[in-house]
Amino acid sequence: MNRQLTVGVSLLAALLLASGAFYLGRKTGQTIDASMAAAATPDGRKVLYWHDPMVPGPRFDKPGKSPFMDMQLVPVYADSATGAAGDAGVKISPAAQQNLGIRYAKVRRTDASSSFEAIGSVQFDERLNAAVQTRVAGYVERLSVRAPMERVRKGQALATLFAPDWLGPQNEWLALRRAGVSPDLVAAARDRMRALSIPAELIRRSEETGTAQARYVLTAPVDGVVAELGVREGVAVTPGMTLFRIAGLQKVWAVAEIPEAQALGLARGQKAKAVLQADASQSFDGALDEILPEISTATRTLKARFEVDNTKGKLAPGMLLRLQVAGPASNRLVVPSEAVIRTGRRAVVIVRKADGAFEPRDVSPGADLGDDTEIVSGLSEGEQVVASGQFLIDSEARLRSALGNIAAPVAAPAASAPAPAVVTHQAEGKVESVAPDGITISHGPVASLQWPAMTMGFGKAAPSAFPEIKPGDPVRFEFREGGAMGYELVSIQRLQSGATK
C-alpha cells in the first residue's frame, strides 16, 4: 500500500512539474534548448532548426518569437512532412502539392507548324496594271470616264479621239483600190496604215463605207479601276501619252512588316489566310509573293508582300488585313507555354524527377506554338514538368537552400564591370554550436540592421573556415547578407572571457 502511494505521489509530482514548466514557458516567452524540444516531440522527430517562414534565411537553434515578424518561430524536422532538401532538389508531400495546386505536364512530341500573325495593308497588284496610250496626235472629243478610281469592265469605252493624221493614209489607200492599180501597191498602202497604228477596226470601217475614218474609241483592256486619269475632254494628245492607267483587282497585294527573326523562316509560296480587320467573318486566301530586300534599322523588320485573291472585288487599297501565316509542319518537342519561366537571361522549367523531387532545368525554347512552346534542348520526351505552381516550389526550395533562386543570372558579371560594394555588419556574442555549414551564435543587438538580441545561425563560406572557433567561445564577428543560410560570416575572432558585451 505504501509503495502504491509513493508511485502515485511521484507521478502526480511529475505532472505538476511538467504543467508548471509549460505554463512558465508560455507566460515568460523563454526558449528551451533543442534537445528538450526534440525530447518533447511526441513521435520522437528530431528538430534541425527553427525559422521564420516569412524570412526563411536565418536559422535559430531555439524556439521563440521571430525577431522579424510578430509570430513564433516554426521548427524544421529532419524528416519533415513537407519534404527534405538535398543536393538533388526539394521534395514536397502529396498533400502539400494538392494544397499548392501544382499541376504537371509531360514533355511530348507533336507535329506542329510555327505560325504568326501580321497586319498588312492592301495595295494594287502592279503586275495587273494596264496603260492606255495613244500613238498619234489628236484631240479628245468625248470623255466617257471622268474621275479616277471609277470601276471599269474590259471593253468599256473610255474616250473618243479624233486623229486627223490618219485621214491621208486612208484616202491614199482608198484611191489606189478605186483606181484598180497593182495589188502590190494596195497591200503596201495597207501596211503603211498598220505602221501608223491605225486600228484594224477603223480600217475595216473605211473599207465598208469608202470614207476615211479619223474618230476612234479607246476601250478598257482589263477589268479594274481607273487608277490614273491623264486627260480631260477637249485636250490635245501626243503619241506615247498615257491617257489612262487601269489597275486590276482580281488579285491584290497585302504588304506587312515581319520581324527579322520570323522573316528568315519564310519561303516564297507559303500559304496565308487573310482576315478583314474590320470584319473577321470575311477571309481570303493568300500566299507569300516576295520578301522585299529592305530592312528597317529602327524596327528590325522586313516588308513581305502577300498575294491575296480578290475575285469578289471586296478588297480595296488601304484596307487592313490580319494575315495568319502558317509555317511548314515538323515534329517538335513541346511543353505547355505556362511551364516555361523566362527571367530575361534564362528560360527555366521545374522538372519532377522519378523520386518525386523537383529541380530547375535550363532549357532553350524555340518557336511559340500557341498554348505550347517548342523546346530545342534541355528536356527529353516523357519527362514531367510543373505547369503551375512553379514559384511556390521555388519558395520551398529557397527555404531549404536546395535550388536557390531560379531567377538568378547564369553567369557572373564580366570582369571589366565594377563589383558591387559588399555591406557588412558587426556584432558580439557567444558561440552556441559549430557545424560544417555554419555557426550558431547568441549575439547582442545589431544596430545596422535594427535587430534585437537573438540566437541565430550564420553560414560559412567553406566547411573548413574558422577551425579555431569552439562552442562557448565569446566572439566578435562580421557578417554579410547572402549564402545558403541567409547571412554568412566574413570574419570571427575569439574574445577573452568576460569581454563580450
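In this structure, the side chain to side chain contact (heavy atoms under 4.5 Å, CB included) partners of Phe162, at least two apart in sequence or on a different chain, are Tyr139, Glu141, Pro164, Ala214, Arg215. Residues forming a side chain to side chain contact (heavy atoms under 4.5 Å, CB included) with Ser364 (at least two apart in sequence, or on another chain): Val376, Ser377.
Between Ile198 and Trp173, every side-chain heavy-atom pair lies at or beyond the 4.5 Å cut-off.
In this structure, the side chain of Thr134 does not engage the main chain of Pro239 through any donor-acceptor pair within 3.5 Å.
Between Arg127 and Asp289 a salt bridge is recorded (basic side-chain N to carboxylate O distance below 4.0 Å). Between Glu338 and Arg103 there is a salt bridge, since a side-chain N of the basic residue sits under 4.0 Å from a carboxylate O of the acidic one. Ion pairing of Glu233 with Arg142 is absent here, as no side-chain N (NZ or NE/NH1/NH2) approaches a carboxylate O to less than 4.0 Å. Using a 4.0 Å cut-off between charged nitrogen and carboxylate oxygen, Glu207 and Arg204 do not count as a salt-bridge pair.
Between the NZ atom in Lys303 and the CD1 atom in Ile291 there is a gap of 14.0 Å [rounded to 0.5 Å].
Considering all non-hydrogen atoms of both residues, Gln282 and Lys314 come closest at OE1-CD, 3.3 Å.
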Requested in this report: Would you please test Arg332 and Asp372 for side chain to side chain contact (heavy atoms under 4.5 Å, CB included) and show each step?
Outcome: CA-CA 10 Å; Arg332 304 165 187 254; Asp372 295 327; over 6 Å; no
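Under the 3.5 Å distance criterion, with hydrogens and angles disregarded, a donor-acceptor pair is assigned to the side chains of Gln133 and Thr242.
Here the options are Arg108, Arg361, Arg352, Lys353, the test is side chain to side chain donor-acceptor pair (under 3.5 Å), and the partner is Glu383; only Arg361 passes.
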